[in-house]
There are 2 protein chains.
Amino acid sequence: MQDRGSKVCGMAQPVDQRLPLHARALDDLARRIRSSEWPYDQPLPAEAELARQYDVSLGTIRRVLADLAGSGLIERRQGRGTFVRRPSFERSLVRFFRAGDVVPESRILERAEVTADPEIEAVLGTSDAVQLLRLRLTAGEPLMLEHIHVPLPAFRAVLETPLEQFGDLLYPTYEQLTGHVVATASEELTVIRPDASHAALLGCADDEPLARIVRVARDITGRPLEHRVSFGIGSRFHYRMEIS
Amino acid sequence: MQDRGSKVCGMAQPVDQRLPLHARALDDLARRIRSSEWPYDQPLPAEAELARQYDVSLGTIRRVLADLAGSGLIERRQGRGTFVRRPSFERSLVRFFRAGDVVPESRILERAEVTADPEIEAVLGTSDAVQLLRLRLTAGEPLMLEHIHVPLPAFRAVLETPLEQFGDLLYPTYEQLTGHVVATASEELTVIRPDASHAALLGCADDEPLARIVRVARDITGRPLEHRVSFGIGSRFHYRMEIS
DNA sequence: TAGTGGTCTAGACCACAAA
DNA sequence: TTGTGGTCTAGACCACTAC
């Protein structure tokens, strides 16, 4: 019987010794991943090395890695290694506006340094922000209107870079300009009546219902990177899910 | 080396022999579960017995069972056994109407034997159906209006049983009256303008947007049990999800 | 007490990818 | 060729549940 209780084995935080080995290793590995110990393009240590670090067998560390892969935190590729996973926005609510499986065109209508509303300040942790007003279109037709706030000073490049250098997708643009990578997001959908200004910009009828989606995007450490409110034309929204 | 290729080992269907053992066992076990081989209240064979049936080691069959538990098809309880899992409707879209964490009251306004629309007939596999018109309320206030169709003759009891015996939840009622158990469902949400009749029954303004949710519920074999269209008051709908 | 699933180990061999 | 993850096995011991 090995004595793990009194042994230094790589854990940076005290853990409940009553927990199974795999649970302790899982908690610690997840913490290390979330503390950005490994960049997205560098592999984690190999199974054998991790087994040594946590003083467990290969089978146990393999279970831990399988669990982390199942929860979406890492990706494993045979022959190459284990990598921290970038998020996929396939299930994002905004993907359910009928856009014919293409990335909608993106047009930034306004950009300014602003003092953010208290609600947005509470999320971003600062009232100093860049505001973007952005219209998304498919085949030249307006689909969605977005009010976006990103925090300063971290995102100063978003304020100062010429808009021509922005792509149709903002998150790769953020990464390129600021180095910050969106890892998670939460989204909330509500259904609202349109107001006149939205209807005008979206070019839709005054009584066309809108889907309002509030998204908060964060990096892997949980730090907020973006507050976004999207107003989409209701009749083009079509959300589908399975229950089981 | 054992010779599995020429051995009868419980597989009822031919499987690709190039697949790993765990994949073949998983496919076959999932098929057996979906063919209702085990009732919800009876355990599957123990790990050791399944390992014998599929001629694999305990470790391999444990991996298969862990995968099936992860995908939600089975539940494992230490000391008791492995059971086919009933579905949870926690993530259902209709749960996202503000109802204060209680089951909304249910009022069946109409019940009749009908010839279903072609669209509903295509789903249910028959045009002979029972139609229910059902209002759901919280604190006496209308929340949602539902057009429900269930197939005949399987659901004749739903047509003939006194409505007083119906509970606020339909699926347990179906199970009690007909023995059919809902195992999966698909849901689709769209945003629509209200029409006068909906607004009247829901007691809301004429320009209040509605969330329209179409649900098809099926048993574990995939047989359709119910077609349901729910119209909910848009301003009370609030859907939240996480992306990672 | 018997039987279930849960934890953990040690080790063999295979498939894939990069240098 | 080397190192990675993927598959599979055999077996020990523990924890929980029912009888």
Side-chain angles (χ1 to χ4, degrees), chain A residues 1-5 7 9 11 15-29 33 38 40-70 72-85, chain B residues 1-5 7 9 11 15-29 33 38 40-70 72-85:
Chain A
M1 184 70 168
Q2 299 172 60
D3 175 13
R4 289 193 180 81
K7 189 171 180 179
C9 56
M11 299 283 187
V15 290
D16 191 335
Q17 299 296 326
R18 296 167 301 182
L19 254 38
L21 294 180
H22 66 84
R24 291 183 244 168
L26 182 126
D27 290 349
D28 191 69
L29 249 186
I33 291 168
W38 299 282
Y40 288 99
D41 51 1
Q42 290 290 325
L44 270 64
E47 294 177 342
E49 165 61 16
L50 286 173
R52 198 192 57 72
Q53 286 182 17
Y54 289 103
D55 192 20
V56 297
S57 73
L58 260 183
T60 298
I61 205 67
R62 275 188 59 75
R63 169 173 176 175
V64 170
L65 292 168
D67 286 350
L68 287 170
L73 212 54
I74 59 173
E75 262 177 341
R76 315 202 69 195
R77 294 176 227 160
Q78 189 171 10
R80 299 201 47 200
T82 301
F83 298 81
V84 180
R85 184 176 155 272
Chain B
M1 186 69 171
Q2 300 172 59
D3 175 13
R4 289 195 180 83
K7 189 170 178 183
C9 57
M11 298 281 186
V15 289
D16 191 335
Q17 299 296 325
R18 296 168 302 181
L19 255 39
L21 295 180
H22 65 85
R24 290 183 243 168
L26 182 124
D27 289 349
D28 191 69
L29 247 187
I33 291 167
W38 299 282
Y40 289 99
D41 52 1
Q42 290 288 324
L44 270 63
E47 294 178 343
E49 166 62 15
L50 287 173
R52 198 192 57 73
Q53 286 182 18
Y54 289 102
D55 192 20
V56 297
S57 73
L58 259 183
T60 299
I61 205 66
R62 275 188 59 75
R63 169 173 175 174
V64 169
L65 292 168
D67 286 350
L68 287 170
L73 212 54
I74 60 173
E75 263 176 341
R76 314 202 69 194
R77 293 176 228 160
Q78 190 172 10
R80 297 200 49 200
T82 301
F83 297 82
V84 180
R85 184 177 155 271

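All chains are named by letter (A, B, ...) in the order of the sequence lines, taking the proteins before the strands, and each is independently numbered beginning at 1. FYI, side chains are in, hydrogens and waters are out, and symmetry mates aren't considered; it's all heavy atoms of this structure.
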Taking the side chain of [X] as heavy atoms from C-beta outward, which of [options] is closest to it?
X	options	value
B:Val56	D:dT7, C:dT7, D:dT9	D:dT9
B:Arg76	C:dT9, D:dC8, C:dG5	C:dG5
A:Ala46	D:dG5, C:dT9, C:dG6	D:dG5
B:Leu21	D:dC8, C:dT7, C:dA10	D:dC8
A:Arg62	C:dC8, D:dT9, D:dG5	D:dG5

Detail all sub-3.5 Å separations between protein N/O atoms and N/O atoms belonging to nucleotides 16-19 of chain D.
residue: D:dA18; atom: OP1; partner: B:Arg80; partner atom: NE; Å: 3.4

Practice task
Determine whether B:Ile33 and B:Leu68 make a side-chain contact, defined as any pair of heavy atoms from C-beta on separated by less than 4.5 Å.
Solution key: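 Sidechains of B:Leu68 and B:Ile33: in contact.
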Exercise for the section: Send over the distance from B:Glu47 CD to C:dA2 P, rounded to a whole Å. Expected result: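 It is 20 Å, rounded to the nearest whole Å.
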Problem - Atom pair distance, as rounded to whole Å: CZ in A:Arg52 and P in C:dA10 - result: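 Atom-to-atom, A:Arg52 to C:dA10, this comes out as 15 Å.
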Problem - B:Arg76 bridged to B:Glu47 by N-O distance under 4.0 Å - result: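 Yes, B:Arg76 and B:Glu47 are salt-bridged.
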Exercise for the section: Give a yes/no on whether any side-chain N or O of B:Arg63 is located under 4.0 angstrom from OP1 or OP2 of D:dC8. Expected result: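 No, no such contact exists.
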Handout entry: Most 5' of B:Ala48 and A:Thr60 on DNA chain C, judged by nearest nucleotide
Key =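 Its nearest nucleotide being more 5', the pick is B:Ala48.
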